[in-house]
Amino acid sequence: MSLPTRISKATQEEVARALSGRRRGSRETAFSVLLLLTLAIALVVLLVLLFSVARTAIPVLGSRGGDILRQGYSSLPERAGLKQGLIGSLYLMVFVLVIAVPLGVGAAIYMEEYAHDTRLVRFINTNIRNLAGVPAIVYGILGLALFVELLKPVTGPGSVEGRSLLAGGLTIALMVLPIVIITTQEALRAVPRSIREGGFGVGATRWEVIRSHVFPNAAPGILTGSVLSMARALGETAPLLMVGAATGFLATRGGFLASLQQRFTALPMLIFQYIKKPQPEFQNLAAAGILLLMFLIFAVNLVAILLRNRYERKW
């Protein structure tokens, strides 16, 4: 083959590669524009909804002020408030802190630091990640079958028939448990291997290395994930509907422990009940509840961001 022929073929290949690169670049640009357009549409819809809710809720909060937070559920619009919903939501957060966070952190530590890389461990990890994406209504059905029906003598004997605060709290804790496990695993994986090797090098046991070296360095990520799981639990409604959340919180004289086997409500549930009523006053009250719930979720997420930025470690 002559030299001019080889040069001609090389030139043709370069031209073909250049054209292919241009076409690929054009497709990437078009895809990026499409994604940006999708984001813009979603933000516009969100801003319209926020503006609509705020326009209705702010006058109600301005006229009634703290009365909304001091008054509970009522069939009269002027006497209705959000107090019982706030109390119920705080009670559910206690379940998340007491049950989901310790169990999730413990399971993640075992899976990352003690369990060997076997097929069973990989199978469990895959299912945990799948459970994190399961719709909330599925957890509601599980809570209805397990905590309301099967464990009825424990969760709510008597008139409530298992549809109690205990059943709702266990369902919410079970729903956020995979999220706590995943975020804790990621925080543990972010700790460099050299930290562990340094602990083993001075003769420390595995538990001593985890307690004194790994866990303190992973604590910011673990804390952030736990706070974000609480934010998700705070806004859930579907599981509470399935396990029988009532329209009003039926308080008892025995305090929190006596309330565990009583009917309960939460802020999302109370908003859902108010918005179904035909009176405009209840619609306005529901808008005020939505704005309050959004503020609480925003505050929880802000705390998570501040904690992450405050204690973030760069290796």
Side-chain angles (χ1 to χ4, degrees), residues 42 45-96 135-141 143-144 160 163-165 167-169 171-173 175-176 228-251 259 262-302:
V45 173
L46 178 62
L47 290 176
V48 170
L49 292 175
L50 289 176
F51 177 76
S52 177
V53 170
R55 184 179 59 181
T56 306
I58 291 176
V60 177
L61 294 174
S63 60
R64 296 187 57 180
D67 291 341
I68 293 180
L69 302 180
R70 290 191 295 266
Q71 295 173 339
Y73 179 80
S74 175
S75 58
L76 301 176
E78 63 274 8
R79 298 182 59 182
L82 304 171
K83 175 183 176 180
Q84 294 162 339
L86 286 172
I87 295 176
S89 293
L90 292 177
Y91 277 10
L92 293 176
M93 292 303 100
V94 172
F95 278 93
V96 173
I137 188 65
V138 177
Y139 285 101
I141 296 173
L144 176 63
V160 296
R163 302 176 183 272
S164 62
L165 176 62
T171 302
I172 292 295
M175 182 189 67
V176 302
L228 291 178
S229 66
M230 292 177 58
R232 182 190 174 184
L234 189 62
E236 289 293 345
T237 308
L240 303 181
L241 288 172
M242 296 301 300
V243 297
T247 55
F249 186 85
L250 306 181
S259 301
Q262 300 296 325
R263 299 296 293 270
F264 72 102
T265 191
L267 191 55
M269 184 65 190
L270 207 58
I271 294 171
F272 178 74
Q273 294 296 332
Y274 282 149
I275 209 167
K276 293 194 302 182
K277 295 183 179 297
Q279 295 93 328
E281 294 82 2
F282 281 113
Q283 304 291 327
N284 298 338
L285 185 59
I290 292 172
L291 192 62
L292 179 61
L293 180 60
M294 291 175 57
F295 174 77
L296 292 176
I297 295 176
F298 174 78
V300 172
N301 282 273
L302 180 62

For Met93 and Met230, work out which heavy atoms get closest and say how close.
-> SD-O, 3.5 Å
Determine yes or no for a side-chain-to-main-chain donor-acceptor pair under 3.5 angstrom, with Ser52 supplying the side chain and Val48 the backbone.
-> no
Rounded to the nearest 0.5 Å, how far does CG of Leu82 lie from CD1 of Ile271?
-> 7.0 Å
If you look only at distance, which donor and acceptor atoms sit under 3.5 Å apart when one is on a side chain in residues 281-302 and the other is two or more places apart or in another chain?
| unit_1 | atom_1 | unit_2 | atom_2 | d |
| --- | --- | --- | --- | --- |
| Gln283 | NE2 | Ile275 | O | 3.0 |
| Gln283 | NE2 | Lys277 | O | 2.4 |
| Asn284 | ND2 | Pro280 | O | 3.3 |
| Asn301 | ND2 | Ile297 | O | 2.7 |

To the nearest 0.5 Å, tell me how far Leu61 CG sits from Thr56 OG1.
-> 11.0 Å
For Thr265 and Gln84, the nearest pair of non-hydrogen atoms, with its separation, is CG2-O, 3.6 Å
With a 4.5 Å limit on heavy-atom distance, are the side chains of Ile172 and Phe95 in contact?
-> no
Met242 and Gly140 have their tightest heavy-atom pair at CB-O, 3.4 Å
Partner set under side-chain contact (heavy atoms from CB on, under 4.5 Å) for Thr171, not counting sequence neighbours = Phe147, Pro239, Val243
Over all heavy atoms of both residues, which pair between Tyr274 and Ala80 is shortest? Give the atoms and the distance, please.
-> OH-CB, 3.5 Å
Can you tell me how far the CG atom of Leu47 sits from the CG atom of Leu50, to the nearest 0.5 Å?
-> 6.0 Å
Between Pro268 and Leu234, the two heavy atoms sitting closest are CG-O, 3.4 Å
Who are the side-chain contact (heavy atoms from CB on, under 4.5 Å) partners of Pro135, not counting sequence neighbours?
-> Ile137, Val138
Could you tell me whether the side chain of Phe272 reaches within less than 4.5 Å of the side chain of Leu241, counting heavy atoms only?
-> yes
